[in-house]
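Just so we're clear, the structure is a prediction, and the values are computed from it rather than from any experiment. Scope of the values below: all heavy atoms of this structure, side chains included, with no hydrogens, waters or symmetry mates. Along the sequence shown, residues carry numbers from 1.
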Amino acid sequence: MTVVLTGGTGFVGSRLCAELLRRTDGPVVCLVRGEDAVAAGRRMRAALAAVDEEAAASPRLRTVAADLSADRFGLSDAVYQRLAREAEAVYHSGASVHLAAPYERVAPVNLGGTQRVIEFCTTGTAKHLHHVSTLGVFLAAREAGMERVDESTTPTLRTCGPFGYLRTKVEAEHAVAAAAADRGVAATVYRPGLVLADSRDGAAPANDFTTCVIAAAIVTGCYPTALGSLPASTVDHTAQAIAVLSLAPGTPGNVYHVMRPEPLPMRELFDRAREHGHRIREVTTRQWRDALHAHRDNPWARAAHALEICTYTLGLTPERRPPEVGGEATADATAGAGVRVPGTGTAYFRRLLTRLEQDHGETLTRR
């Protein structure tokens, strides 16, 4: 079976690529931004080598220089048609993940790219579309009157809040649902929760939300009273669960909430940083915002100050706490397939914080 993967150089996508190479026996074709096939291949293998050197060296890994925001992914007609005939499944993990960006900035990739993936799925051989969304589509569900959501809940522009990135993810899900209903596309949707650092080594990208808020707390010496709890799981568990669920029989039409059994209280991020030895204290939301502004020369504080989404993710007011998220059907399916949920206790956060200090120590100094 030949599969096509978008977003293969990303945080989740690189680990999903490794899982697919491990669990399938055909080519895994990655659509990757690059000036040409050589540059795209170099980017893909570098991203994969940081995760799994054996996967990066696999002869079944193929890379095509492509652009999700361009018609036919920017490919020639011959290459596009050949790939459309070969592929039997598409894993659409590619997205512009920028939590502070306006809708217009991220829509060409997040919505336009999904529409192009759908078009690709209806060209040539019939393909199973595995669409990676986010549980952020329900971030403002409580404010919209929903205390609880689960796999059967349909996201709307009210449940995602006033955020461009999340709005594009809702609209992309609607496009996938319409393609399934009107064009017969076999589609499965995966909604990861907050994606945490890798359980094995604590690795996370610099633009990771968790990394940003912890680092900002270290720099400013304070953190806000956080009332929220978010569905979450480590990036390695997220990728493994998506791969295993996607290869199980009878998945078209399903929606999966990929997360650990219990939500993560947001204040735990700061409690763990204190346990690790960082001197940080709890303050009011206003004091926290003032501290971020006072440290605006620091990149972590500046980034956290720009993230209005923190009001919802951290639950800075009772009415803007994230809703309770159900994922029982997904948990049963992954448990039945033998997917283990990594622990996220003291040892895990020690790895996360140690890696943060190793990778970004020079920017964590409090002035």
Heavy-atom donor-acceptor pair, [X] side chain to [Y] backbone, under 3.5 Å:
X	Y	answer
Arg296	Arg302	no
Arg267	Ala226	no
Arg60	Leu21	yes
Thr330	His257	yes
His278	Gly221	no
Arg142	Pro322	yes
Tyr348	Ala197	yes
Arg167	Cys160	no
Asp198	Asp236	no
Arg45	Leu61	yes

Note: [X]-[Y] ion pair, threshold 4.0 Å (strictly below):
X	Y	answer
Asp201	Arg351	no
Glu173	Lys169	no
Arg15	Glu19	no
Arg320	Glu308	no

Assigning hydrophobic clusters by single linkage (Ile, Leu, Val, Met, Phe, Trp, Tyr; side-chain heavy-atom cutoff under 4.5 Å), is [X] placed with [Y]?
X	Y	result
Trp300	Phe349	yes
Met44	Val51	no
Leu68	Tyr165	no
Phe209	Ile218	yes
Val117	Val176	yes

### Message
Apply side chain to side chain contact (heavy atoms under 4.5 Å, CB included) to residues His237 and Thr344 and explain how you reach the verdict.
### Response
CA-CA 11 Å; His237 171 256; Thr344 51; over 6 Å; no

### Message
Apply side chain to side chain contact (heavy atoms under 4.5 Å, CB included) to residues His305 and Thr220 and explain how you reach the verdict.
### Response
CA-CA 11 Å; His305 191 269; Thr220 61; over 6 Å; no

Answer whether the closest heavy-atom distance between the side chains of [X] and [Y] falls below 4.5 Å.
X	Y	value
Leu264	Leu196	yes
His276	Leu356	no
Met146	Phe138	no
Ile309	Leu166	yes
Thr123	Tyr80	yes
Asn207	Val97	no
Glu324	Glu147	no
Thr346	Arg272	yes

Is it the case that more than 12 heavy atoms not belonging to [X] sit under 6.0 Å from its [atom1] atom?
X	atom1	result
Arg158	CZ	no
Gln81	CD	yes
Glu88	CD	yes
Glu268	CD	yes
Arg105	CZ	no
Arg281	CZ	no

### Query
Between Lys127, Arg72, Arg183, which is the residue that forms a salt bridge (Lys or Arg N to Asp or Glu O under 4.0 Å) with Glu119?
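For Glu119, the salt bridge (Lys or Arg N to Asp or Glu O under 4.0 Å) check succeeds only for Arg183.
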
### Task
Assess whether side chain to side chain contact (heavy atoms under 4.5 Å, CB included) is satisfied between Asp290 and Gln287, documenting all intermediate values.
CA-CA 5 Å; Asp290 288 346; Gln287 290 171 322; 5.5 Å; no

Heavy-atom closest contact ([X] atom, [Y] atom, distance):
X	Y	result
Ile242	Pro192	CD1-CG, 4.4 Å
Ala65	Leu75	O-CD2, 3.2 Å
Ala55	Asp52	N-OD1, 2.9 Å
Gly74	Ala70	N-CB, 3.7 Å
Ala87	Thr125	O-CB, 3.7 Å
Val255	Arg191	CG1-NH1, 3.5 Å

To the closest 0.5 Å, what do you measure between [atom1] ([X]) and [atom2] ([Y])?
X	Y	atom1	atom2	answer
Glu143	Tyr312	CD	OH	3.5 Å
Leu245	Thr251	CG	OG1	8.5 Å
Leu230	Leu314	CG	CG	8.0 Å
His128	Tyr91	NE2	OH	7.5 Å
His360	Arg355	NE2	CZ	8.5 Å
Arg260	Ser199	CZ	OG	12.5 Å

For residues 4-13, which side-chain N or O atoms pair as donor and acceptor with protein atoms under 3.5 Å away, sequence neighbours left out?
{"from": "Thr6", "atom 1": "OG1", "to": "His92", "atom 2": "ND1", "distance (Å)": "2.8"}
{"from": "Thr6", "atom 1": "OG1", "to": "Ser93", "atom 2": "N", "distance (Å)": "3.0"}
{"from": "Thr6", "atom 1": "OG1", "to": "Gly94", "atom 2": "N", "distance (Å)": "2.8"}
{"from": "Thr9", "atom 1": "OG1", "to": "Arg43", "atom 2": "NH2", "distance (Å)": "3.4"}

### Query
Can Tyr190 and His130 be said to form a side chain to side chain donor-acceptor pair (under 3.5 Å), step by step?
CA-CA 7 Å; Tyr190 309 84; His130 299 279; 2.7 Å; yes

### Query
Looking at Thr188, Val189, Ile118, which one forms a side-chain contact (heavy atoms from CB on, under 4.5 Å) with Leu129?
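Only one of Thr188, Val189, Ile118 forms a side-chain contact (heavy atoms from CB on, under 4.5 Å) with Leu129, namely Ile118.
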
### Task
List the steps and the verdict of side chain to side chain contact (heavy atoms under 4.5 Å, CB included) for Leu352 and Ile214.
CA-CA 10 Å; Leu352 183 160; Ile214 292 176; 4.1 Å; yes

Contacts under 3.5 angstrom, residues 24-42 side chains, donor-acceptor by atom type, not counting sequence neighbours:
{"from": "Thr24", "atom 1": "OG1", "to": "Leu20", "atom 2": "O", "distance (Å)": "2.5"}
{"from": "Asp36", "atom 1": "OD1", "to": "Val38", "atom 2": "N", "distance (Å)": "3.1"}
{"from": "Asp36", "atom 1": "OD1", "to": "Ala39", "atom 2": "N", "distance (Å)": "2.8"}

